[in-house]
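Since the structure is predicted, the reported quantities are computational estimates derived from the model, not experimental observations. We count residues from 1, following the sequence as given.
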Amino acid sequence: MTTTTTRSEAVAAYDAYLAQCPARNLLDRISNKWVSLIINALGDGPQRYTDLSRTLVSVSQKMLTQSLRALERDGLVTRTVTPSVPVRVDYALTPLGESLVPVMRTIKAWAEQNMDEVLAARAGYDETT
């Protein structure tokens, strides 16, 4: 195999348009609303679990825990346990997770800036259907 063939195969292996591409799982993970908000929140620095739950208003304990575990598994977040009473658990972005912050912040800002237009479009659509 040549270097060119190896690179071509690697690129094809991670083509998210292909049904069996593992990148689809990653896209699914990072497009989750709680994951995107966690990444944004941790972009400001490490936080304790309780601080994250206060920041992410209305997230259930179950969803926050599942999302943080998934992010830790994917190498985007680290979990640090400090033995104390009560036990202190801090979450922080890894360098890989930090590389995702600009993208997530841009998406969050776009959603906030364009929500009025989206709501108007929805209302117009709903009137015609």
Would you check if [X] and [Y] make a side-chain contact, meaning some heavy-atom pair closer than 4.5 Å?
| X | Y | answer |
| --- | --- | --- |
| Val35 | Leu71 | yes |
| Leu42 | Leu52 | yes |
| Leu64 | Ile38 | yes |

Requested in this report: Begin from the C-alpha positions of Gln47 and Thr55 and carry the test side-chain contact (heavy atoms from CB on, under 4.5 Å) through to its verdict.
Outcome: CA-CA 10 Å; Gln47 291 192 38; Thr55 300; 3.8 Å; yes
Does [X] belong to the same Ile/Leu/Val/Met/Phe/Trp/Tyr cluster as [Y], with side-chain heavy atoms less than 4.5 Å apart forming each link?
| X | Y | answer |
| --- | --- | --- |
| Tyr125 | Met115 | no |
| Leu27 | Tyr14 | no |
| Val81 | Leu93 | yes |
| Tyr49 | Val87 | yes |

Requested in this report: Please name all residues satisfying side chain to side chain donor-acceptor pair (under 3.5 Å) with Lys108, sequence neighbours left out, ordered by chain then number.
Outcome: Glu112
Query raised in the report: Which atom pair, heavy atoms only, marks the closest approach of Ala16 to Ala23?
Result: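 Shortest heavy-atom contact: CB-CB, 4.3 Å.
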**Report entry** Closest heavy-atom pair and its distance - Val101, Gly43
**Finding:** CG2-CA, 4.0 Å
Distance from [X] atom [atom1] to [Y] atom [atom2], nearest 0.5 Å?
| X | Y | atom1 | atom2 | answer |
| --- | --- | --- | --- | --- |
| Trp34 | Leu56 | CH2 | CG | 6.5 Å |
| Tyr17 | Arg24 | OH | CZ | 10.0 Å |
| Gln61 | Thr65 | CD | OG1 | 5.0 Å |
| Leu76 | Ser67 | CG | OG | 12.0 Å |
| Ser36 | Arg29 | OG | CZ | 13.0 Å |
| Asp15 | Gln20 | CG | CD | 12.5 Å |

Query raised in the report: Other hydrophobic cluster members with Val85, side-chain heavy atoms of Ile/Leu/Val/Met/Phe/Trp/Tyr under 4.5 Å, chained?
Result: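 Traced through the cluster, Val85 reaches no other member.
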Report task. Verify side-chain contact (heavy atoms from CB on, under 4.5 Å) between Arg69 and Val77, making sure each step is shown before the conclusion. Result -> CA-CA 8 Å; Arg69 284 183 182 159; Val77 167; over 6 Å; no
Query - Note: Asp44-Arg105 ion pair, threshold 4.0 Å (strictly below) - result: yes
Query raised in the report: Can a salt bridge be assigned to the pair Arg54 and Asp51 using a cut-off of 4.0 Å between side-chain N and carboxylate O?
Result: yes
Query raised in the report: Which pairs count as side-chain hydrogen bond (donor to acceptor under 3.5 Å, both in side chains) when at least one residue sits in residues 81-102, sequence neighbours excluded?
Result: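 For residues 81-102, and leaving out neighbouring residues, the side-chain hydrogen bond (donor to acceptor under 3.5 Å, both in side chains) pairs sorted by first residue read Arg79-Tyr91, Arg88-Asp90.
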